[in-house]
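Shown next, in structure tokens, is the structure this report addresses.
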Amino acid sequence: MADSTNKDFPHVPDRISGLIDLAYNLWWSWNPAVKMVFKNLNPQAWIESIHNPVKMLKELPEETLVAASKNPLYLRHYDLVMARFRQEMKQKNSWFTEHFPDDHDLSIAYFSAEYGLQHSLPFYAGGLGFLAGDHLKESSDLGLPLVAVGFMYSEGYLHQHIGADGWQADINELLNRDAAPIKRVMYNHETQLVARVPFIEPPIYVAVWKVDVGNIPLYLLDTDIKENDPVNRMITYRLYTGDNELRLRQEIVLGIGGSYVLDILGIRPSIIHLNEGHPAFALLERIREQVADKMSFEQASKMVRETSVFTTHTPVPAGHDAFPYSLMDKYFSHYFPLLGIDRQTFLELGHSSKDHGELFNMTAFALKMCSFKNGVSKKHGEVAREMWQPLWPELKKEEIPIHHITNGVHVPTWLDPKMSLLMNKYFSPSCPNWMTEHDSPLIWEMISEIPDEELWAVHTQLKRKLVNRIREFKRRKWSGEGTDPINVITGGALLDPYALTIGFARRFSTYKRADLIFQDLERLKRIVNNRWMPVQIVFAGKAHPADDDGKRIIQKIYRYAHQQEFGGRIAFVEDYGEQMAQYLVHGVDVWLNNPVPPMEACGTSGIKASLNGVLHMSVLDGWWIEGYNGKNGWAFGDSPPGQNQDRGDAEQLYNLLEREVIPMYYTLSDDGIPHMWVKKMKETIRSTAPRFSAKRMLKEYVRKGYDPALISAAKYIKTEFQPDE
Ligand SMILES: *Cc1c(COP(=O)(O)O)cnc(C)c1O
């Protein structure tokens with residue numbers, strides 16, 4: 001199996017043909033110095049490609065590439081980058097091989113329905129996806145023997161346009177596969193590998209694509225191919241749409257199809273990790289393989305349990321899929337006999353007394369079938385234990401075997417390159433390897449060595465960059481498509497690069513209460529319109545296509561945003577995605593987070609912001625319960641549940657803004673710098689960066705989940721299993 005990508009780039013001279021490999025490996029995206037090797041080819045083309053090197057290389061004229069291949073200055077940079085790339089991609093010694101020398105010929109398969117890696121791959125809806133993407137990037141950095149499985153969505157997630165009435169239009173756009181960093185996995189060097197999902201009737205076929213995430217291969221399954229009937233082609237059109245039956249077929253393709261594809265590729269994972277319940281059918285396929293190999297169902301399920309890891313991500317009921325027995329019968333009547341069990345035993349596997357009626361619950365199934373399972377923050381661990389107690393009626397709540405590993409973000413991806421350079425200037429003299437050891441809290445103590453004026457200068461520069469980006473975007477829309485003036489103003493045309501800026505951006509699920517700050521309109525107007533201490537708020541985020549309540553919240557905010565009395569100080573930025581997230585978490589002053597507790601299992605956007613010195617103002621929920629130390633941001637919103645909860649929480653929010661946040665921001669010293677504020681920024685970075693990094697998180701997954709499971713897996717390999725009879 002190989003790919004034929006280089007054939008698509010006849011105009012790239014041999015001397016710099018390594019650029020093609022580099023463009024197809026997302027490793028470039030978290031290494032700023034590597035980005036420059038693309039940008040320097042032609043900065044304008046880099047911008048026009050929206051930072052997509054595959055698209056850019058395809059479109060650049062041959063002369064430009066030939067000139068670069070003869071430019072000694074360019075070649076010096078190119079050779080350095082390529083040497084580093086080759087070195088890191090064949091690196092034998094890593095954190096993992098050093099600490100777990102016995103495990104390294106074993107392998108881990110990671111399954112997820114979404115991945116947030118880079119905006120050129122729109123295969124994510126929100127936090128779950130970014131967590132998966134960051135998991136892969138950090139696995140590459142730490143040298144884990146991991147392969148990943150997901151979907152190649154033809155249209156990705158919806159694109160968002162807000163109409164003049166404030167209603168979200170869900171726009172479906174076909175992904176241009178030729179301009180995305182994905183490769184076809186070939187069969188016999190000729191055709192793309194297509195597999196039939198085993199033992200499932202009616203048949204479903206999947207084609208296989210691959211994304212290189214540093215050292216980690218991510219295999220993507222695609223049903224939008226001629227071998228399938230029109231209904232099955234739709235399985236991988238979009239994330240999380242369609243009816244229950246389409247969803248079931250998606251999950252069959254991911255779990256069973258995904259396991260089978262790994263098998264065809266010669267990958268026999270020692271253990272598997274399921275990111276949320278969507279891929280849990282992978283557990284069935286692992287049992288089936290062992291039963292076919294003469295194990296009993298009981299033995300096979302014991303083995304699978306000991307070698308599987310499961311992460312649950314949300315207390316929101318809609319996040320847990322459950323399928324009616326009639327649908328399970330339709331697709332699995334040929335399958336469950338192969339497990340050596342009857343229908344009743346099969347359906348029991350997904351039974352939860354929490355569901356009313358006859359449903360196969362994917363989370364319940366995964367919880368029963370994986371020995372290590374975790375929630376994504378300390379609090380969420382507690383909430384999940386309580387939520388799933390019915391599965392263990394004999395145990396006390398605190399004995400329920402669901403642990404927690406608090407989420408972290410991939411620091412090289414989310415730390416702004418200018419911030420990173422500034423840190424490098426002050427950290428590297430005493431710790432040149434600070435970036436590879438950034439989960440060590442000691443490193444971040446050095447933040448105090450950065451002079452206030454330098455940190456403030458970088459921050460204000462990032463804020464100007466954010467405001468410019470928003471305004472430029474609106475300008476283009478105005479001059480290009482001639483959008484209506486309301487859309488231009490609402491979209492942020494009147495934003496002020498010097499006003500205190502609050503950011504609120506995430507999926508518009510109702511529990512996140514995006515509109516909380518509009519509880520008392522008169523008070524909010526006074527706050528934003530204060531002549532000497534103005535405040536502006538930037539909102540962004542999509543509502544799920546079927547979530548009309550979420551769309552109503554967007555509409556409400558959009559309408560306030562174009563009221564004259566708000567003076568253009570409320571903006572709603574359309575089509576939130578990875579790139580806008582980067583601008584926002586780098587460039588606003590305050591990151592607002594006000595879910596109804598305890599619904600936010602972790603929340604990761606606040607971590608991204610804090611890492612960049614953006615002060616977190618949040619309800620105590622998710623990661624903030626662990627992260628808040630009294631000096632690194634603000635906590636509010638402990639009103640008791642009930643009718644007055646929103647009003648009470650909003651009241652606390654206004655008080656905090658008026659009494660602390662706004663005065664602190666506008667209290668400048670003679671040098672024009674708000675030193676109190678900058679002190680808080682430093683405390684935020686110091687306390688958040690190491691503890692809430694994906695590096696800390698991954699090491700915890702290895703120690704608590706992967707290593708014990710790998711040890712079990714090795715035991716099964718070594719002891720030449722003896723069948724019963
Ligand atoms: C990090 C991120 C999220 C998750 O944000 P939460 O605060 O956890 O809801 C969603 N969307 C994008 C684009 C992100 O980068």
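- In plain terms, the two heavy atoms of Val261 and Ala195 that are nearest each other are CG2-CB, 4.2 Å.
- Atom OG1 of Thr604 and atom CG of Leu611 lie 12.0 Å apart (nearest 0.5 Å).
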Given side chain to side chain donor-acceptor pair (under 3.5 Å), test Trp591 with Ser605 step by step and report yes or no. CA-CA 8 Å; Trp591 196 254; Ser605 61; 3.0 Å; yes

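- The structure places CE of Met697 at 8.0 Å from CD of Glu138, a figure rounded to the nearest 0.5 Å.
- In this pair, Phe539 and Phe504 present their aromatic rings tilted. The plane angle is within the 30 to 60° band.
- When each of Tyr331, Phe365, Phe332 is checked for a ring pair (Phe, Tyr, Trp, His ring centres under 6.0 Å) with Phe346, only Phe332 meets the rule.
- Side chains of Arg552 and Lys556 form no contact here, defined as non-hydrogen atoms less than 4.5 Å apart.
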Set out, in order, the CA-CA distance, both residues' side-chain angles and the distance that settles side-chain contact (heavy atoms from CB on, under 4.5 Å) for Arg513 and Gln645, then state yes or no. CA-CA 11 Å; Arg513 297 193 294 187; Gln645 185 176 18; 4.1 Å; yes

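- Ring centers of His135 and Tyr110: under 6.0 Å apart, within the cut-off.
- A donor-acceptor distance shorter than 3.5 angstrom exists from the side chain of Ser639 to the backbone of Asp649, with no hydrogens or angles considered.
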Ser352 and Asn361: side chain to side chain donor-acceptor pair (under 3.5 Å), yes or no, with the steps? CA-CA 7 Å; Ser352 152; Asn361 185 306; 4.9 Å; no

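- Remark: Lys551 engages Asp170 in a salt bridge, criterion side-chain N to carboxylate O under 4.0 Å.
- Contact of the Asn176 side chain with the Lys55 side chain is not registered, since no non-hydrogen atoms from C-beta on lie closer than 4.5 Å.
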Go through the steps to decide whether Thr501 and Gln536 satisfy the test side chain to side chain donor-acceptor pair (under 3.5 Å), and finish with yes or no. CA-CA 5 Å; Thr501 305; Gln536 58 193 4; 2.9 Å; yes

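- A salt bridge is defined here as a Lys NZ or Arg NE, NH1 or NH2 lying under 4.0 Å from an Asp or Glu carboxylate O, and Lys608 with Asp134 fails to meet this definition.
- Other residues, nucleotides and ligands contribute more than 12 heavy atoms inside 6.0 Å of the CD1 atom of Ile225.
- Arg569 places none of its side-chain heavy atoms less than 4.5 Å from the side chain of Ile537.
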Between Val585 and Val614, is the side-chain contact (heavy atoms from CB on, under 4.5 Å) condition met? List the steps. CA-CA 7 Å; Val585 300; Val614 170; 5.9 Å; no

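- Counting non-hydrogen atoms of neighbouring residues, nucleotides and ligands closer than 6.0 angstrom, the CZ atom of Arg647 reaches no more than 12 such neighbours.
- Looking only at distances, a side-chain donor or acceptor of Lys368 sits under 3.5 Å from a matching main-chain atom of His351.
- With contacts defined as side-chain heavy-atom distances shorter than 4.5 Å, the pair His119/Gln582 does not qualify.
- The local environment of NZ in Lys378 is sparse, with at most 12 non-hydrogen atoms from other residues, nucleotides or ligands closer than 6.0 Å.
- Closest non-hydrogen pair, Val573 versus Ile470, comes out as CG2-CD1, 3.9 Å.
- Judged by the 6.0 Å distance and 45° axis criteria, Arg233 is not positioned over the aromatic ring of Tyr237.
- A donor-acceptor contact shorter than 3.5 Å links the side chain of Gln652 to the backbone of Gly637.
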Report the C-alpha distance between Leu516 and Leu592 in whole Å, list the side-chain angles of each, state the deciding distance to 0.1 Å, and finish with yes or no for side-chain contact (heavy atoms from CB on, under 4.5 Å). CA-CA 10 Å; Leu516 185 81; Leu592 178 63; over 6 Å; no

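- Residues Leu391 and Ala364 come closest through the heavy atom pair CD1-CA, 3.9 Å.
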Glu114 vs Tyr153, test: side chain to side chain donor-acceptor pair (under 3.5 Å). Steps then yes/no. CA-CA 9 Å; Glu114 54 174 303; Tyr153 294 105; over 6 Å; no

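- Judged by distance alone, the side chain of Asn593 and the main-chain N or O of His616 form no donor-acceptor pair under 3.5 Å.
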Asp646 vs Gln519, test: side-chain contact (heavy atoms from CB on, under 4.5 Å). Steps then yes/no. CA-CA 8 Å; Asp646 288 353; Gln519 277 282 324; 3.5 Å; yes

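- In this structure, a donor-acceptor pair under 3.5 Å is present between the side chains of Arg177 and Ser154.
- For the 3.5 Å distance criterion, the side chains of Asn275 and Thr311 fail to qualify, holding no donor opposite an acceptor.
- Remark: the backbone N or O of Pro203 is paired with a side-chain donor or acceptor of Asn232 at under 3.5 angstrom.
- Nearest heavy-atom pair, Ser259 versus Phe111, reported as atom, atom and distance to 0.1 Å: OG-CZ, 3.8 Å.
- Between the side chain of Tyr115 and the main chain of Ala148, no donor-acceptor pair closer than 3.5 Å is present.
- Across Ala280 and Leu274, no two heavy atoms sit closer than the pair CA-CD1, 3.9 Å.
- Val231 approaches Leu246 most closely through the heavy-atom pair O-CD1, 4.3 Å.
- Atom CD1 of Ile570 is separated from atom CZ of Phe566 by 5.5 Å, given to the nearest 0.5 angstrom.
- No side-chain donor-acceptor contact under 3.5 Å links Ser509 to the backbone of Lys512.
- In this structure, CG in Leu117 is found 8.5 Å from OG1 in Thr413, a value given to the nearest 0.5 Å.
- Here Phe508 and Phe572 bring their ring centres to under 6.0 angstrom of each other.
- Residue Ile517 holds its CD1 atom at 12.5 Å from OH of Tyr560, rounded to the nearest 0.5 Å.
- Counting non-hydrogen atoms of neighbouring residues, nucleotides and ligands closer than 6.0 angstrom, the OH atom of Tyr240 exceeds 12 such neighbours.
- Ion pair Arg476/Glu472 flagged as a salt bridge, since at least one NZ, NE, NH1 or NH2 atom sits closer than 4.0 Å to an Asp/Glu carboxylate oxygen.
- The NZ atom of Lys210 sits 15.0 Å away from the CZ atom of Arg184 when rounded to the nearest 0.5 Å.
- Here the side chain of Asp621 pairs a donor or acceptor atom with the backbone of Glu600 at under 3.5 angstrom.
- Between Trp414 and Phe692, the ring centre distance reaches or exceeds 6.0 Å.
- Put simply, the side chain of His320 gets close to the backbone of Thr314: a donor and an acceptor are under 3.5 Å apart.
- Panel note: side chain Gln250, backbone Arg238; a donor-acceptor pair is recorded below 3.5 Å.
- Summarising the local packing, CD of Gln563 is surrounded by more than 12 heavy atoms from other residues, nucleotides or ligands at distances under 6.0 Å.
- Pro181 is listed as a side-chain neighbour of Ser120, based on a closest heavy-atom distance under 4.5 Å.
- Two residues are said to be in side-chain contact when any heavy atoms from C-beta on lie closer than 4.5 Å; Phe310 and Leu367 meet this criterion.
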